[in-house]
**Student:** 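The structure's right below; bear with me while I get my questions together.
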Amino acid sequence: MKYWLVKSEPDAYSWQTFVKDGKTAWTGVRNFAARNNLRAMRKGDTVFFYHSNEGKEVVGTAIVVKEAYADPTAEEGDWSCVDLKLRVPLKRPVTLQQIKADAELKEMALVKQSRLSVMPVTAAQAGRLLKLGGL
DNA sequence: GCCAACGTTGGC
DNA sequence: GCCAACGTTGGC
């Protein structure tokens, strides 16, 4: 069982919208590294949901319910998406500031590769995020 | 709104 | 196959 983190601009697709939807197809990824990470996701994996630009914090968790399939929103090219189901909101969002200040979390791709929108999270980092998030 | 980082494209 | 130019992302 692995851990991941996906980013979304609240303007494009917010956590609040996800809460209403309950489940969503994670489409629109157009970056090879991010796509490959999507393809490496397995059913049951935990996915952290991060708000970029506005908020800049990890706000909740989701679970992979359908593994990679062809992204229906892609008009050309070889792109993939997965289906995510809502799990739980963090009791307290974990901000980028906190992440940068944390010895373990500052090693996350979120900090080191700011442009990557789908990335792996280690088990240790996941535990830390959940703890800081009050879960 | 600016700018750094970095992925992608295209000319050679 | 290299590398410069360009576009996009995302933090500040």
Side-chain angles (χ1 to χ4, degrees):
Chain A
M1 151 104 160
K2 294 200 165 154
Y3 299 91
W4 308 90
L5 181 144
V6 296
K7 297 201 287 203
S8 183
E9 296 184 39
D11 283 350
Y13 190 81
S14 70
W15 173 257
Q16 285 74 19
T17 308
F18 187 33
V19 167
K20 269 183 224 149
D21 292 349
K23 184 184 156 184
T24 192
W26 205 257
T27 57
V29 170
R30 299 291 183 270
N31 167 287
F32 291 112
R35 182 201 69 183
N36 292 342
N37 286 332
L38 278 180
R39 289 182 178 176
M41 287 184 184
R42 292 295 168 258
K43 215 174 184 176
D45 284 356
T46 294
V47 179
F48 290 92
F49 192 112
Y50 175 82
H51 273 164
S52 61
N53 286 325
E54 299 276 322
K56 281 167 284 176
E57 55 193 13
V58 179
V59 286
T61 64
I63 185 166
V64 177
V65 289
K66 186 174 178 188
E67 295 179 9
Y69 58 98
D71 183 344
T73 69
E75 293 185 358
E76 59 174 19
D78 182 23
W79 301 109
S80 298
C81 64
V82 297
D83 284 354
L84 298 180
K85 197 175 126 198
L86 185 85
R87 206 184 221 178
V88 281
L90 296 185
K91 289 209 180 99
R92 281 171 285 120
V94 179
T95 66
L96 183 62
Q97 235 180 354
Q98 281 177 280
I99 289 170
K100 283 184 167 172
D102 187 275
E104 188 111 44
L105 297 179
K106 72 177 181 196
E107 296 302 317
M108 289 180 69
L110 183 68
V111 179
K112 304 197 133 183
Q113 260 179 284
S114 66
R115 293 188 54 199
L116 188 62
S117 62
V118 181
M119 67 195 75
V121 173
T122 67
Q125 290 163 349
R128 192 85 186 111
L129 280 174
L130 291 171
K131 192 177 174 198
L132 289 174
L135 296 180

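Just the heavy atoms: all of them, side chains too, but no hydrogens, waters or symmetry mates, feed the values below.
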**Student:** Using the ring-ring contact (aromatic ring centres under 6.0 Å, His included) criterion, which residues pair with A:W15? Sequence neighbours excluded.
**Tutor:** A:F18, A:F49
**Student:** Quick one: salt bridge (charged side-chain N to carboxylate O under 4.0 Å, His left out) partners of A:R42, sequence neighbours excluded?
**Tutor:** A:E67
**Student:** Using a 4.0 Å cut-off to any heavy atom of chain A, which nucleotides of DNA chain C are the first and last in contact, reading 5' to 3'?
**Tutor:** C:dG7 to C:dC12
**Student:** Are the side chain of A:K7 and the backbone of A:L110 linked by a donor-acceptor contact shorter than 3.5 Å?
**Tutor:** no
**Student:** Provide the closest heavy-atom pair for A:G28 versus A:T73 in the form atom of the first, atom of the second, distance.
**Tutor:** N-OG1, 3.8 Å
**Student:** Do you know the tightest heavy-atom contact between A:N31 and A:W79?
**Tutor:** N-CZ3, 3.5 Å
